[in-house]
Undergrad: 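Starting off with a structure, shown below.
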Amino acid sequence: MAGEDEDLPRDAKIVKTLLKSMGVEEYEPRVIHQFLELWYRYVVDVLSDAQVYSEHAGKAAIDCDDVKLAIQSKVNFSFSQPPPREVLLELARNRNKIPLPKSIAGPGVALPPEQDTLISPNYQLAIPKKQPTQAMEEMEEDEEPSEPNPPQEPKPSDVPQNTPQRVSFPLTKRTK
């Protein structure tokens, strides 16, 4: 194990020492790398914020006050203290004063009303209108057409109108 410590970078050794000082003896090796990434990301964020504060103040370089301000800004937005216990107890008392609604107990599992469920009909059927059948003209046997399939121009009444119609079927309760 001493051979492993020598191969680690200085920052990884520091993380390992911090874990030991907190009483953590067993951990996966990737934990060190995860802590290092978190540490580096945090430092980069703080220093980039400090640089913005320094530029805003018109300074040529970052100083200690800029870093302190950046850290304070991170702490204010990243971490928040829970409300005091007394406040939580008062909120709980106020909330618990309102009684729960009485349940209408029936056989089986209580389900919400049908209008509040997602199983009601939710579809549309498009029913195309049928085209009127064209009467076929009978040809006499001695007449022969000039073309086998003469082109026909569609009449306005022959053009199909595809207007969908909304159709829904409400589900009714079945009595047994």
Side-chain angles (χ1 to χ4, degrees), residues 1-127 162 164-174 176:
M1 188 135 179
E4 291 177 9
D5 286 348
E6 293 173 7
D7 295 341
L8 289 175
R10 182 179 62 91
D11 293 342
K13 290 178 185 176
I14 293 172
V15 170
K16 211 169 187 180
T17 305
L18 284 172
L19 287 171
K20 281 184 183 177
S21 71
M22 295 178 70
V24 179
E25 297 296 328
E26 294 182 27
Y27 51 85
E28 293 184 23
R30 66 181 178 176
V31 170
I32 294 174
H33 300 293
Q34 290 170 342
F35 272 121
L36 283 174
E37 176 155 352
L38 179 69
W39 184 9
Y40 291 152
R41 190 178 319 140
Y42 182 78
V43 169
V44 167
D45 286 346
V46 167
L47 290 178
S48 62
D49 287 352
Q51 184 177 11
V52 168
Y53 297 145
S54 174
E55 289 173 1
H56 181 72
K59 300 177 192 173
I62 299 173
D63 62 1
C64 186
D65 292 333
D66 297 326
V67 174
K68 285 180 183 178
L69 185 59
I71 291 172
Q72 188 60 41
S73 158
K74 280 277 183 220
V75 168
N76 288 342
F77 289 111
S78 299
F79 307 104
S80 62
Q81 294 293 325
R85 181 180 170 92
E86 293 78 28
V87 172
L88 290 175
L89 288 173
E90 184 62 30
L91 286 172
R93 271 190 231 102
N94 289 338
R95 177 49 103 182
N96 290 334
K97 284 180 186 176
I98 303 170
L100 293 174
K102 294 183 179 180
S103 66
I104 303 170
V109 178
L111 297 175
E114 276 191 40
Q115 67 267 17
D116 296 337
T117 63
L118 298 175
I119 59 173
S120 59
N122 186 15
Y123 53 86
Q124 296 179 357
L125 297 177
I127 302 173
N162 292 330
Q165 298 175 350
R166 291 186 176 198
V167 179
S168 66
F169 303 98
L171 297 175
T172 58
K173 294 182 181 177
R174 294 183 186 177
K176 292 185 180 180

Undergrad: Nearest 0.5 Å, please: how far is CG in L36 from CZ in R41?
TA: 12.0 Å
Undergrad: Just checking K59: does its NZ atom have more than 12 heavy atoms from other residues, nucleotides or ligands closer to it than 6.0 angstrom?
TA: yes
Undergrad: Which atom pair, heavy atoms only, marks the closest approach of S54 to A61?
TA: OG-O, 2.9 Å
Undergrad: Calculate, to the nearest 0.5 Å, the distance between atoms CD1 and CG belonging to I62 and D49 respectively.
TA: 10.0 Å
Undergrad: For the pair S73 (side chain) and L69 (backbone), establish whether a donor and an acceptor sit closer than 3.5 Å, ignoring hydrogens and angles.
TA: no
Undergrad: Distance check, rounded to the nearest 0.5 Å: D45 atom CG versus I71 atom CD1?
TA: 12.0 Å
Undergrad: Kindly indicate whether the side chain of N94, heavy atoms from C-beta on, has any atom under 4.5 Å from the side chain of K97.
TA: yes
Undergrad: Please say whether more than 12 non-hydrogen atoms of neighbouring residues, nucleotides or ligands are located less than 6.0 Å from OH in Y53.
TA: yes
Undergrad: Report yes if the side chains of F35 and K16 come closer than 4.5 Å at any heavy-atom pair, otherwise no.
TA: no
Undergrad: CG of D7 to NZ of K13: how many Å apart, nearest 0.5 Å?
TA: 8.5 Å
Undergrad: Does R85, at its CZ atom, have more than 12 non-hydrogen atoms belonging to other residues, nucleotides or ligands within less than 6.0 Å?
TA: no
Undergrad: List the atom of D11, the atom of W39, and the distance in Å for their closest heavy-atom pair.
TA: O-CZ3, 3.7 Å
Undergrad: At their closest point, which heavy atom of A70 faces which heavy atom of A50, and how far apart are they?
TA: CB-N, 3.7 Å
Undergrad: Just how far is it from atom NZ of K68 to atom CG of D63, taken to the nearest 0.5 Å?
TA: 9.5 Å
Undergrad: Minimum heavy-atom separation for E25 to K20, with atom names?
TA: OE2-O, 4.5 Å
